[in-house]
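Take a look at the structure below.
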Amino acid sequence: MKMVRCGDIVEQSIRLPSGNGPIMLHGRALRYIDEVARQGSIRKAAKTLHVAASAVNRYILELEEELQAPIFERLPRGLKLTSSGEILIQHIRETLQAHQRMRAQIQSLKGLNRGEVVLATMATLAAGRVAEIVAAYREKHPQVSLRIMVGDRTTVAEMVALGQADLAIAYNLPDDTRLQRAAEFRHALGAVVAPAHPLANRKTVRMSDCLLYPLVLADRSLSLREVVEATAPARATLVPVVETNSMELMKRLARTTPHVTFLNRLDVDREMATGDLVFIPLTGTDSLQRLNILHRARGSLSPAGSHFMQFAQERLLASFDQS
């Protein structure tokens, strides 16, 4: 299949084999033959197409002559596809459908030129992983504007459910019939300490090992606290010396020995790369932190929203593969 230009009109065309070599069947003929097959009548097809019946009939006769096979069987009450016609019409309809898909894809790309995406997320993500995703997306697609709204997990879910945000990227969001999960990434927590900490050289640690040191924990407004408490040994009580809803403060305090905090590896990959912090996987627990990408269950995303969601999924998947 190729595109041919006739004056200012671009038409779709396909090549069909015949006894005398390939035939070029242009977009107009594709539509004419398809409509005749649907109507079972040249006259009715011509009326629907707003063209002369003689023009439609001429296309059919010329194609039958070139194919050296009848396309339609002429009956007293109309036209019926022959076996050759059935093969041809299937190919024509596949071609027309492919053409429509191509046009829809192009229109979606054009929509990016003036798109806006509203993203709901949590403060801990906005300061780290989401910021990196947004920066990378803006570098590749500067024509799309992004609005980032920050809240706790309940607020984030409500913003998307009520249509105030297109998407959400957040941890441990509860199930909600109004929301559709586009992707979910699961990973375990680890102890995060300074390089000089007594635990820093361990390959793994248990939560009971960490309880010997002053704990810096996420406060109860963050879903992270629930995951941390689920890792604690039975009958053990977590007594933090500092509670906060700021991940940056948690990391800042973890740089000073002997504090211990708990985060996932993606939260500290930059600090690990610079040697400021050490991440030690926790053993003896199956508790996982879930990172979700969600959108409304009803309706459809804008081209820009759908494009950004796919971009975010790919970036997060790449991050998890590297961790």
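Worth knowing before you read on, the calculation uses all heavy atoms, side chains too, and leaves out hydrogens, waters and symmetry mates.
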Practice task
Determine whether Arg181 and Asp175 make a side-chain contact, defined as any pair of heavy atoms from C-beta on separated by less than 4.5 Å.
Solution key: yes
task: Could you tell me whether Arg178 and Glu158 make a salt bridge, using a distance below 4.0 angstrom between a side-chain N and a carboxylate O?
output: yes
Side-chain contact test, heavy atoms from C-beta onward, threshold under 4.5 Å: evaluate it for Tyr32 versus Leu49 and give yes or no.
yes
Indicate yes or no for a side-chain donor-acceptor contact from Arg265 to the backbone of Ala188 under 3.5 Å, with no hydrogens or angles considered.
no
Do Thr124 and Leu224 come within less than 4.5 Å of each other through their side chains, counting heavy atoms only? no
Could Arg129 and Asp269 be called an ion pair, given the rule that one side-chain N must be under 4.0 Å from one carboxylate O?
yes
Less than 4.0 Å between a side-chain N and a carboxylate O, is that true for Arg252 and Glu248? no
*Salt-bridged, Arg315 to Glu132, with N to O below 4.0 Å?*
no
Joint hydrophobic cluster, Leu125 plus Leu222, side-chain heavy atoms closer than 4.5 Å
no
Below 4.5 Å, heavy atoms only, C-beta onward: do Asp34 and Arg38 meet side chain to side chain?
yes
Contact check, side chains of Val192 and Val216, non-hydrogen atoms, under 4.5 Å: no
Met250 backbone acceptor or donor facing Thr261 side chain under 3.5 Å: no
query = Is there side-chain contact between Val160 and Arg296, with heavy atoms separated by less than 4.5 Å?
reply = yes
Any donor-acceptor N or O pair under 3.5 Å, side chains Asp152, Thr155
yes
Between Val227 and Gln289 the two heavy atoms that sit nearest each other are CG1-N, 4.3 Å
Could you tell me whether the side chain of Asp166 and the main chain of Gly305 form a donor-acceptor pair under 3.5 Å? no
- request: State, with a plain yes or no, whether a side-chain heavy atom of Met309 is found less than 4.5 Å away from one of Gln313.
  value: yes
Inset, instruction - Take Glu64 and Arg74 through the test salt bridge (Lys or Arg N to Asp or Glu O under 4.0 Å) and record every step on the way to the result. - result: CA-CA 13 Å; Glu64 287 180 326; Arg74 275 71 173 174; 2.9 Å; yes
In terms of heavy-atom contacts, Val36 and Val56 come closest through CG2-CG1, 3.5 Å
Kindly indicate whether the side chain of Glu229, heavy atoms from C-beta on, has any atom under 4.5 Å from the side chain of Arg220.
yes
Taken in chain and number order and not counting sequence neighbours, the residues that satisfy ring-ring contact (aromatic ring centres under 6.0 Å, His included) with Tyr171 are none
Note to self: Is a donor from one side chain sitting under 3.5 angstrom from an acceptor on the other, for Gln310 and Glu314?
What the structure shows: yes
